**Student:** 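This is the structure, below, for whatever I ask next.
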Amino acid sequence: MENKNGFFEQVYQVVLQIPYGRVTSYGAIAAYLGSKGSARMVGWALNSSRFSKVSIPAHRVVNQAGLLTGKRHFGGQDIMEELLRSEGITVEGGQIMNMEHYFWDPSKELEGY
DNA sequence: TTGCTGACCGACG
DNA sequence: CCGTCGGCCAGCA
């Protein structure tokens with residue numbers, strides 16, 4: 001495990017495991033990491049992810065309501081929506097349609113990583 | 001070193 | 001039903 005056990009690194013690993021055309025929520029990642037209440041840190045980690053050399057599909061991470069709360073951090077209000085649409089996800093008004101259909105739960109899919 | 005902030009979520013009144 | 005507050009961890013002034 002070359003994992004540094006850092007919260008950021010763990011978030012990166014989970015986000016990178018998100019399949020194409022799927023999305024997850026901050027709370028799901030936080031819960032998977034064992035810190036349910038640290039959902040805010042997940043977003044903060046993703047904030048640092050854009051400074052990272054690796055391309056993190058942060059556009060696949062939205063809030064529990066499927067709302068693209070972090071779209072403003074992509075350097076454009078429409079970037080995140082366009083990226084999700086290019087993956088076959090219907091986004092309207094900054095919100096994912098049928099979000100539960102695209103929802104990807106790391107604790108279920110990864111089963112403990 | 002202390003304190004505030006942050007891409008959230010859930011509980012409480 | 002809707003508004004408000006606390007909690008979680010890390011980075012920055």
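All heavy atoms count here, side chains included; hydrogens, waters and symmetry mates do not. In what follows, chains carry the letters A, B, and so on, assigned in the order in which the sequence lines appear, proteins first and then strands, with residues in each chain numbered from 1. The structure presented is a predicted model; accordingly, all values stated were derived computationally and were not measured.
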**Student:** Would you tell me if any nitrogen or oxygen in the side chain of A/R72 comes within less than 4.0 Å of OP1 or OP2 on B/dA7?
**Tutor:**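 Checking B/dA7 against A/R72, a side-chain N or O does come within under 4.0 Å of OP1 or OP2.
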
**Student:** Looking only at side-chain N and O atoms, does A/H59 offer a donor or acceptor that is under 3.5 Å from a partner on A/E87?
**Tutor:**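 Yes, A/H59 and A/E87 have a side-chain donor paired with an acceptor closer than 3.5 Å.
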
**Student:** To the nearest Å, give me how far apart CE (A/M41) and P (C/dC9) are.
**Tutor:**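 The distance from CE of A/M41 to P of C/dC9 comes to 9 Å, rounded to the nearest Å.
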
**Student:** Can you identify which nucleotide, out of B/dA7, C/dC8, C/dG11, has its nearest atom closest to the A/S38 side chain?
**Tutor:**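 The answer is C/dC8.
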
**Student:** Just compare C/dA10, C/dC8, B/dC9 and give me whichever is closest to any side-chain atom of A/R40.
**Tutor:**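 Of all the options, the side chain of A/R40 is nearest to C/dC8.
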
**Student:** Among B/dA7, B/dC9, C/dC9, which nucleotide has an atom closest to any side-chain atom of A/N47?
**Tutor:**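 Nucleotide nearest to A/N47's side chain: B/dA7.
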
**Student:** Could you check if a side-chain atom of A/Y12 sits within less than 4.5 angstrom of a side-chain atom of A/V54, using non-hydrogen atoms only?
**Tutor:**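 The answer is no; the side chains never approach within 4.5 Å.
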
**Student:** How many whole angstroms separate atom CD1 of A/I18 from atom C1' of B/dA7?
**Tutor:**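 One finds 13 Å between C1' of B/dA7 and CD1 of A/I18, rounded.
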
**Student:** What integer distance in Å separates A/F51:CZ from C/dA10:C1'?
**Tutor:**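 So the two atoms are 14 Å apart, to the nearest Å.
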
**Student:** Let's see if you can work this out: which of B/dA7, C/dG11, B/dG10 has an atom nearest to the side-chain heavy atoms of A/S49?
**Tutor:**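 Closest of the options to the side chain of A/S49: B/dA7.
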
**Student:** Given B/dC8, is OP1 or OP2 found less than 4.0 Å from the side-chain N or O atoms of A/T69?
**Tutor:**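 Answer is yes, contact under 4.0 Å.
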
**Student:** Would you say A/R60 and A/W104 make side-chain contact, with heavy atoms under 4.5 Å?
**Tutor:**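 Contact flag for A/R60/A/W104 side chains = no.
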
**Student:** Could you tell me whether A/A45 contacts a base, only the sugar-phosphate backbone, or nothing, with contacts defined as non-hydrogen atoms closer than 4.0 Å?
**Tutor:**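 No contact.
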
**Student:** Using atom CG of A/L67 as one end and atom C1' of B/dA7 as the other, report the distance to the nearest whole Å.
**Tutor:**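 Rounding to the nearest Å, CG of A/L67 and C1' of B/dA7 are 11 Å apart.
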
**Student:** What integer number of Å spans the P atoms of B/dC4 and C/dC5?
**Tutor:**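 To the nearest whole Å, 15 Å.
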
**Student:** Whole-Å distance between B/dA7 C1' and A/F7 CZ?
**Tutor:**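 Rounded to whole Å, this separation is 14 Å.
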
**Student:** What is the distance from OH of A/Y26 to P of B/dA7, rounded to the nearest Å?
**Tutor:**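 Computing the A/Y26:OH to B/dA7:P distance gives 9 Å.
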
**Student:** Kindly say whether A/G66 contributes a backbone atom to a donor-acceptor pair with the side chain of A/N63 at under 3.5 angstrom?
**Tutor:**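 Answer holds: yes.
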
**Student:** For A/W44 and for A/G37, locate the closest nucleotide of DNA chain C by heavy-atom distance; then report the residue assigned to the nucleotide nearer the 5' terminus.
**Tutor:**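 Looking at the nearest nucleotide for each, A/G37 comes out on the 5' side.
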
**Student:** Assuming nearest nucleotide by heavy-atom distance, tell me which of A/A39 and A/S48 is located more 5' along DNA chain C.
**Tutor:**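 By nearest-heavy-atom nucleotide position, the 5'-most residue is A/A39.
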
**Student:** Measure from the side chain of A/K36, starting at C-beta and using heavy atoms only, and say which of B/dC9, B/dA7, C/dA10 lies closest.
**Tutor:**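 From the listed options, B/dC9 comes nearest.
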
**Student:** Determine whether A/M99 and A/V62 make a side-chain contact, defined as any pair of heavy atoms from C-beta on separated by less than 4.5 Å.
**Tutor:**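 Side-chain contact under 4.5 Å: yes.
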
**Student:** Checking contacts here: which listed nucleotide (B/dA7, C/dG11, B/dG10) is nearest the side-chain heavy atoms of A/Q64?
**Tutor:**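 Nearest to the side chain of A/Q64 among the choices is B/dG10.
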
**Student:** Check the distance between B/dA7's C1' and A/I96's CD1 and give it to me in whole angstrom.
**Tutor:**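 Going from A/I96 (CD1) to B/dA7 (C1'), I get 13 Å.
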
**Student:** Rounded to whole angstrom units, what separation is found between the NE2 atom of A/H73 and the P atom of B/dT5?
**Tutor:**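 Atom-to-atom, A/H73 to B/dT5, this comes out as 15 Å.
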
